[in-house]
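For ligands, and for the atoms within them, numbers begin at 1 and follow the listed sequence. Quick note: numbers below take in every heavy atom, side chains included, and nothing from hydrogens, waters or symmetry partners.
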Amino acid sequence: MQNPLLESFDLAPFSKIKNEHFKPAFLQAIAEARAEIAAITNSKEPANFENTIEALEFSGQQLDRVSSVFFNLNSAETNHEMQKIAQEVSPLLSEFSNDITLNEDLFLRIKTVYGQREKLDLNTEQQTLLEKKYKSFSRNGANLDEDSKKRLREIDTELAKLKLKFGENVLAETNNYELHLTDEQELEGLPDGAKEAAAQLAKSKNKQGWVITLDYPSYIPFMKYAKNRDLRKELSLAFGSKGFKGNEFDNQEQVLEIAKLRYERANLLGYDTHAHFVLEERMAETPEKVHKFLGELLEKAKPAADREFKQMADFAKDLDGITTFQKWDSAYYGEKLKQRLFSLDDEKLKPYFKLENVIEGVFKVAEKLFDLTFKEVFDVDTYHKDVKTYQVHDMNKNPVAFFYADFHPRKGKRGGAWMTSFKPQYHKDGKNVRPHIANVCNFTPSTDTKPSLLTFNEVTTLFHEFGHALHGMLANTSYPSLSGTSVYWDFVELPSQILENWCYEKEALELFAKHYETGETIPMELIDKIKASATFQEGMQTLRQLSFGLLDMSWHGLNPTQITDVKEHESKAFEGTMLYPDTSETCMSTAFAHIFQGGYSSGYYSYKWAEVLDADAFAYFKENGIFNKEIANKFKEHVLSKGGTENPMELYKRFRGSAPNIKALLERSGLLQAS
Ligand SMILES: [Zn+2]
């Protein structure tokens, strides 16, 4: 059978690819990758950098290509059959990657080269590649004796089960709850859209009236707008007690077990704690540095948060005679206060952000900063008619990248917004292979009478994802696994978040924020309001993020073997960040999926870390002009083009001239005001 996925191609031949091509392509590509690995281990030559490390790096390229086409489509344009294929191939792929990590002959060769690294005269990127390859084995136990290896596998299997169970319990607790309302009075305050959605939900469950659930799209509007305080309390307690009711879905056992097994695993591998293990491959490096970082921010955020809390509590007291301000009052009075202070709503802003104008705007920003030009092309194969395609060139008309932009929601696309690539950048055989990058979003579509008009949040999202895209497009490294966004976790949001800053600048907005009917440029007064409202209750928001980061570190940065009471442990971790009275029936840890199910363990701090980086980096632009070519060049040269070829702290210092400083973030967030 002819299989377009296995033929050589540059731009993916989407229209020729059918569902039935995927599975055979995966099977053949995996077989090829295995043969390439076997060729490395069977080599009679002594191991060296080229025949082992580079050979491993460039093995499995066919598989990478098939995987990226398949998984990108499975996110952006999926169907039932593709989801079934995903379930079939996922175990094959993990089996393949496990076989590599457990391949002792391969590890021996890598270890040999690693042992000679001082004498090999490798450049920085090669050193990084060698280190990365070696660590991918050693961090999975390749250096352990047989007994320890066995124990490591047991722990990994056990952890996988516990995490799955944790997630299933959270899901069950979310799904098992509903607030069923039959008296319209009880929905007082809710906007029409939220009411309609609640009625729709009731209908889908064959019920009269309205249903509110613990899913965010249902939960958040109710907490923000519902006037009925008792109902807000009921919903808030239901939300906060997920996995903490002592029923069959209770997660306390899972939390304790996961923390202890992670600790044991880290010890086996020679690390003090799980956080030490994780942070070894982060810009932050050690738990001590994370604690210092969180502590510094806490010191500044706490007084501001206390002030904001008092302001909101006073406001609630004046308005409704609330004497003890509670968690379930926060979103409601926060929204009311925000309306009073700013009276800014999306409908006022949207006419200035027609999608086509915003795209043109982000391209202009990229042109002014990095000399890139974007030429839309119409004769390229795509996976859906809505996907726009662009050739990207530099000022000398050299091709830089190919860019796919897929902006609107449809059936078959998952929610959210992301950047991905169909082909990485790398150098091979004297050629600089340029990348194929995509942005996929779910922006408000056009209607019969109106073009696609974006909310301000959608505008910043577009800039954010385009920042990731630039990181991919401007990559200039030798090895694909070190290229573009393949950087440490707490560094990857710098290029995306920094670009959002241009959305708040007059000089940038004037390029594109023009009324779609009148052509009038967005009034400065609106821009000022956007800026002011963006830092509304920033102290409290920061405190909340810090409390989550501290909770994460309390589970993973210390020896957890003596912890027996989840709630008690958590209360201690929250001590310095509490604003609201504690409620004994709620617990955060038992539903904290980020750290107990997802990949954020010992990494929650990185949200704030990335903000510090982007604020500090953008301050450098502001000092010199937001379109200053010299600064932009430095950013391109030292950050965007370098990918993960070097420690990000070194890259950052080379760009900025010094390590990141939290001052710029504090200034931007208004946390530097005198208390
Ligand atoms: Zn991002």
Report yes or no: does E465 have an N/O/S atom closer than 2.8 Å to the Zn ion (ligand 1)? no
Atom nearest to the Zn ion (ligand 1) - H464, N, O or S atoms considered: NE2
What N/O/S atom of E493 is the closest to the Zn ion (ligand 1)? OE1
Consider only side-chain N and O atoms of Q425 and T477, and report whether a donor and an acceptor are under 3.5 Å apart. yes
Can the ring centroids of F466 and F370 be said to lie less than 6.0 angstrom from one another? no
Is the distance between the ring centroids of Y504 and F463 under 6.0 Å? no
Centroid separation under 6.0 Å, is that true for the rings of Y604 and F592? yes
